[in-house]
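Worksheet: one structure, shown below.
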There are 2 protein chains.
Amino acid sequence: MTVSLRELRALPGFDDTLLTEGCPTRVVLDHVTSKWGVLVLLALSDGTHRWGELRRAVDGISEKMLAQTLRTLEGDSLVLRDAHPTIPPHVEYSLTASGRELVDRMLPLVEWIARNADRMLPAAP
Amino acid sequence: MTVSLRELRALPGFDDTLLTEGCPTRVVLDHVTSKWGVLVLLALSDGTHRWGELRRAVDGISEKMLAQTLRTLEGDSLVLRDAHPTIPPHVEYSLTASGRELVDRMLPLVEWIARNADRMLPAAP
DNA sequence: GTGGGTACTCTCTATTGGGAAGTAGCCTGA
DNA sequence: TCAGGCTACTTCCCAATAGAGAGTACCCAC
């Protein structure tokens, strides 16, 4: 198991430019770990959802940010947008195979935080 | 292994309020997955660093954001600040035991993104 | 012809982030 | 003697970004 950034950079295929500003890894990492990106991906870990469902599932997100986040994640091939040209519109969002792999690696992190968040925060009011 | 948000919420100790706005998990998650939070934690995965080293290690960070990020992560008990009251000042930053556990769960995610980022982005110029 | 349903998109304002200069006090070199 | 450097921040200002809320498109039921 990789235990540090140094080790990660030493793996075959990587070098010291990993995570420098503007490199592809940083770009995708920024999208995925953005405030709403994480929550949208988590919501989709449950399976396919429609726009309105996502809006309700991701507590606090505005319509603008939901649209923007979905477009970004779709651009990164993590989310699949399946639009049925009906009236009223019907659009379904789901994880791609890549998205599924990524979420599988995100869930342990989120689970650890969920287990430990309470004792970490300073004097929750 | 937990494979979805639904399953995570079904685990003992959790419920449907997990990840609602303002809940401790969301707060810590926001800190940890903020643009600079991830990169600072990754930099510290290599071991203890001084301020100037971190500034150079985290490509593109401003002094303002480095200070803010370090204070936030320290408040979350993820980073330890060890200041020696000398002139000129000498301050060392390292991961706490919690921080180490968290980074152990973050590295697989980052490694996966590093391996796949190139083919995910649309038409890299 | 009016209202409902869905998925956006636009506009305006509040918040956030970057850059650069300022701060503290001792120590070194000229 | 005294300017300048060392280090870890902090502050200020302005540009970029995020968010709230209203607007749009289109057809159907009433």
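The sequence lines fix the lettering, A, B, ..., with proteins before strands; numbering per chain opens at 1. Since the structure is predicted, the reported quantities are computational estimates derived from the model, not experimental observations.
The structure places CG of B:L102 at 6.5 Å from CE of A:M120, a figure rounded to the nearest 0.5 Å. Here CZ of A:R50 is found 7.0 Å from CD of A:E53. Values are rounded to the nearest 0.5 Å. With values rounded to the nearest 0.5 angstrom, B:L73 atom CG is found 7.0 Å from B:S34 atom OG. Atoms CG and NE2, from A:L78 and A:H31 in turn, are 10.0 Å apart once rounded to the nearest 0.5 Å. Annotation: the span from B:I61 atom CD1 to B:W36 atom CH2 amounts to 5.5 Å, rounded to 0.5 Å. The line from CG of B:D76 to OG1 of B:T96 is 10.0 Å long, rounded to the nearest 0.5 Å.
In this structure, B:H49 places its NE2 atom 16 Å from P of D:dT7, rounding to the nearest Å. What separates NE2 of A:H84 from C1' of C:dG5 is a distance of 17 Å, to the nearest Å. Look at CG on A:L66: it is 15 Å from C1' on D:dA20, rounded to the nearest Å. In this structure, CG of A:L70 is placed 8 Å from P of C:dC8, rounded to the nearest angstrom. Note: CD (A:Q68) to C1' (D:dA16) measures 13 Å, nearest angstrom. Taking atom CG on A:L39 and atom P on D:dG19, their separation rounds to 11 Å, with Å as the unit. Note: NE2 (A:H90) to P (D:dC28) measures 18 Å, nearest angstrom. In this structure, A:D59 places its CG atom 13 Å from P of D:dG19, rounding to the nearest Å.
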Between protein and nucleotides 18-25 of chain C, map the contacts as a letter string: B base, S sugar-phosphate only, - none, heavy atoms under 4.0 Å, written 5' to 3'.
BB-B---B

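Between B:R71 and D:dT10 there is a side-chain polar atom (N or O) within less than 4.0 angstrom of OP1 or OP2. Close to C:dT6, at under 4.0 Å from its OP1 or OP2, lies no side-chain N or O of A:R50.
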Tell me, with the steps shown, if A:R100 and B:V3 meet side chain to side chain contact (heavy atoms under 4.5 Å, CB included).
CA-CA 9 Å; A:R100 184 71 248 174; B:V3 299; 3.9 Å; yes

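Among the protein residues, A:R81 comes within range of the sugar-phosphate backbone only, with heavy atoms under 4.0 Å from sugar or phosphate atoms but none that close to a base.
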